[in-house]
Amino acid sequence: MANAEHSGRTAEAFGPAAAGTARARLRAARLGLWLVAAVLAVRQVAVVLRTPRGERLTDLETWVGPDGVLHVNGSLYDSTRFTGTPFGGLVLKPLTRAAEQALGWGWTFGTLLLVAVLGLVVARALPQPVSRRTALLAAPVAISLLMLSLPVRNTLWLGQTSIIPVLLVLLGCFAVRDWRAAGVLIGLAAALQPTVLLFAALLWFTGRRRAAAATGATFAAGTALAWAAMPHDSYIYWVHHMAGVGLGGKADALANQSLHGALLRLGLSGPLEIGLFLTLGAAVAVLGVRRAVRYARDGQLLLAVALTGCAAIAVSPTTWQHQLLWVLLAVVGRVGKRASDRNVWPVAVVLVMTLPAKMMLPNMAALYPLRDNAVLLAAIAAATVVPFLPRTSPHYRAPIPTQYAQPVPTRWKHVPLLPFLKRVLTRPNLLLELLLIRVTYAAYQQVRLAATGGTNSGGRARAEAHGRQILDIERFLHIDIEHWANHAVVKVEWLRDFFDFYYESFHFVVPLSVLAILYWRRPVDYRWARSTLGFATLLALVGFWLYPLAPPRLLPGLGVIDTVHGVQDFSKPDYGTLTALTNQYAAMPSLHFGWSLWCGLVIAIVAPKWWMKALGLLHPLFTVSAIVATGNHWVLDAAGGAAVVAGGFGLAYLLMGPRARLTTETDPAAEAEQTPTPSTPSEPPYSLGTANRS
């Protein structure tokens, strides 16, 4: 919501009726968003409380349960299960008996309450002035994002206290006016999470020096109190373990998203690793605080707090997943001069903070260092290099508007159903497109596997029963040619090699090539074509879920030879050499044929020459031959693929309207620097509409 832009016109300009309609829609949107936040909260509670007692709130149980660490007379750190500071143990000890009585419901609902308060504080801390729409919708959006984030989900699952330091800092910065109260709140947060002391530097350099002094004094008092009450534990924490390194698990674990953990995962150790950690940590801390001070003076205090928290994540020896909320707060920063670029940073942050890292990057060994440290890299980037716009920039509230093609008239009054999905002339942001394509494909893989219980061998009996149903239907229609085509191709070696190569190689190469060419040469058609492909794939996922189907090569007794994967052992649950990448029973509809048909149709529609159109239409012909000849699909699977492609084009028409009749090529450099006007030579051959897009 902090990235929402204004169109420059108010609803009142169109009369009382339009203003009333706009207010009604705004109230409906606000109610819907609050409903989404409530549903997410209920879901989180249900997930935690439905989990067996020994598998949920494990950290809390370890601390305050009947045999928990806080009941033991010895050191808190003897078992390495307690990861908090000595001050945190001192505060929690009096709460152990109360926590025992309500270990599930009480702690979980208390955490949800803290998340709700945190979302409300964040919504009120947005840089002023904000529009009425943003003011009304910011709170439910913030709470929903917090509920979806991995740190909050991890906190609820483990029973951690990591939300408390973040909330204390935000309360100290935004909710209280007295410098003493602000310093005490932030100092208490630092006593619970020591790297929060970086906020004392932020306070000091932004002129709140008395609050900074109160922060340091409160931290020192809390730490001294814990040292006096638990001297042995304090010595272990502050001296022996060097500020907690090694507590709660190995410091090189993937869950430790700090510079120290990343260096250990890269294979460094000893004095070299310590020296690099101290050097890099100091550099990130200095740069992060300097940038935070600059944005605080610019009036973006919430962004300044987020950047300081991101620097604290990097410089802490151990930063576990439940301590990473600071990165999510950085979503309020605005990046990019163009309206079409404004969504890249918030979308990237939300994806990094809500999805597992393996969904963000492909499963390639060369990318493991990036994938394993995705949140850390996002924190370091936010703290040191991301060029957030200052409020003094002319593009902060008025980015370079997006150019739209004039809508094409339709026969139906309400088409398009979503008018805001207009034909955009300029290219979308490439980084955002690649990121969304990757995440969408990862979700597609997960849904394929989930359709049979998460394993390739799951749902075998049901899939084979469906395979026999399809075979019976084809025999009735006299189109059961799979066995004949497969054995005919196997007898001709060069033809078998050709179809095997075509099946394995062109499934991804051709669609990606078509998208790349459209992106570069015809940006209007790119958005339309990408949307049709996405809708078709979504419909196919529904088919995979509802009708798992064994392909001919996996139907026992049919005698089809698997020319691509090799001979299969039907006595084994996983059929021997099957690939583990996808669900082998996702045959209906065939996306091999569906995607190839989409490529052929798009090429036939947009290609300027007849031979290009003909060449494009040959691709689905070769593909359907390959999928049948190799035994990977039934003929009816191809029919299903054609059906979902037709559905994809239909949905794109209903939601977005007809495809624009004309396209125009734009100069990327020119569109980045200036907005064309109707009098400029670069005006396309039809009228343009402009609007700011968030």
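When a residue number appears, it is its place in the shown sequence, counting from 1. Treat the numbers as computed from the prediction; the structure is a model and nothing was measured.
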Problem set entry | side-chain contact (heavy atoms from CB on, under 4.5 Å) between Y237 and M230, worked out | CA-CA 11 Å; Y237 184 88; M230 297 179 291; over 6 Å; no
Exercise. Step by step, would you call V344 with V335 a side-chain contact (heavy atoms from CB on, under 4.5 Å)?
Worked result: CA-CA 8 Å; V344 177; V335 182; over 6 Å; no
About how many Å separate [atom2] of [Y] and [atom1] of [X], when rounded to the nearest 0.5 Å?
X    : Y    : atom1 : atom2 : value
L188 : T215 : CG    : OG1   : 9.5 Å
L170 : I163 : CG    : CD1   : 11.5 Å
L156 : Q44  : CG    : CD    : 6.0 Å
L150 : L325 : CG    : CG    : 10.0 Å
F109 : L114 : CZ    : CG    : 13.5 Å
Q193 : I313 : CD    : CD1   : 8.5 Å

Problem set entry | Other residues, nucleotides, ligands: >12 heavy atoms within 6.0 Å of R290 CZ | no
Exercise. For atom CZ of R43, is the number of surrounding heavy atoms from other residues, nucleotides or ligands below 6.0 Å larger than 12?
Worked result: no
Could you check whether any side-chain N or O of [X] sits under 3.5 Å from a backbone N or O of [Y], counting only pairs where one atom can act as donor and the other as acceptor?
X    : Y    : answer
R153 : L148 : yes
T218 : A214 : yes
R297 : T206 : no
Q257 : L376 : yes
Q323 : W320 : yes
R334 : L389 : no
Y295 : F388 : yes
D178 : R180 : yes
W345 : A330 : yes
T384 : V284 : no

Exercise. Quick one: which of V286, L287, V293 gives a side-chain contact (heavy atoms from CB on, under 4.5 Å) with V289?
Worked result: V293
Exercise. What residue among L202, L197, L203 forms side-chain contact (heavy atoms from CB on, under 4.5 Å) with I186?
Worked result: L203
For this session: Could you walk me through whether V152 and L118 pass the side-chain contact (heavy atoms from CB on, under 4.5 Å) test, one step at a time?
Result: CA-CA 11 Å; V152 169; L118 184 61; over 6 Å; no
Seminar exercise, completed: Of N373, N256, D372, the one forming a side-chain hydrogen bond (donor to acceptor under 3.5 Å, both in side chains) with R265 is N373
Problem set entry | Distance-only side-chain donor-acceptor flag, T155 / S162, under 3.5 Å | yes
Quick one: closest heavy-atom pair of [X] and [Y], and the distance?
X    : Y    : answer
M147 : L112 : CE-CD2, 3.5 Å
L40  : S144 : CD1-O, 3.7 Å
R391 : G299 : NH1-CA, 3.7 Å
A314 : I380 : CB-CG1, 4.0 Å
A212 : A200 : CB-O, 3.3 Å
A381 : R291 : O-NH2, 4.4 Å

Problem set entry | Axial cation check for F174 ring with R124, 6.0 Å and 45° limits | no
Problem set entry | Test log, rule side-chain contact (heavy atoms from CB on, under 4.5 Å), inputs L192 and F87 | CA-CA 6 Å; L192 296 172; F87 179 77; 3.9 Å; yes
For this session: State, with a plain yes or no, whether a side-chain heavy atom of S258 is found less than 4.5 Å away from one of F277.
Result: no
Seminar exercise, completed: Result for ring pair (Phe, Tyr, Trp, His ring centres under 6.0 Å) between F199 and one of W326, F219, W204 points to W326
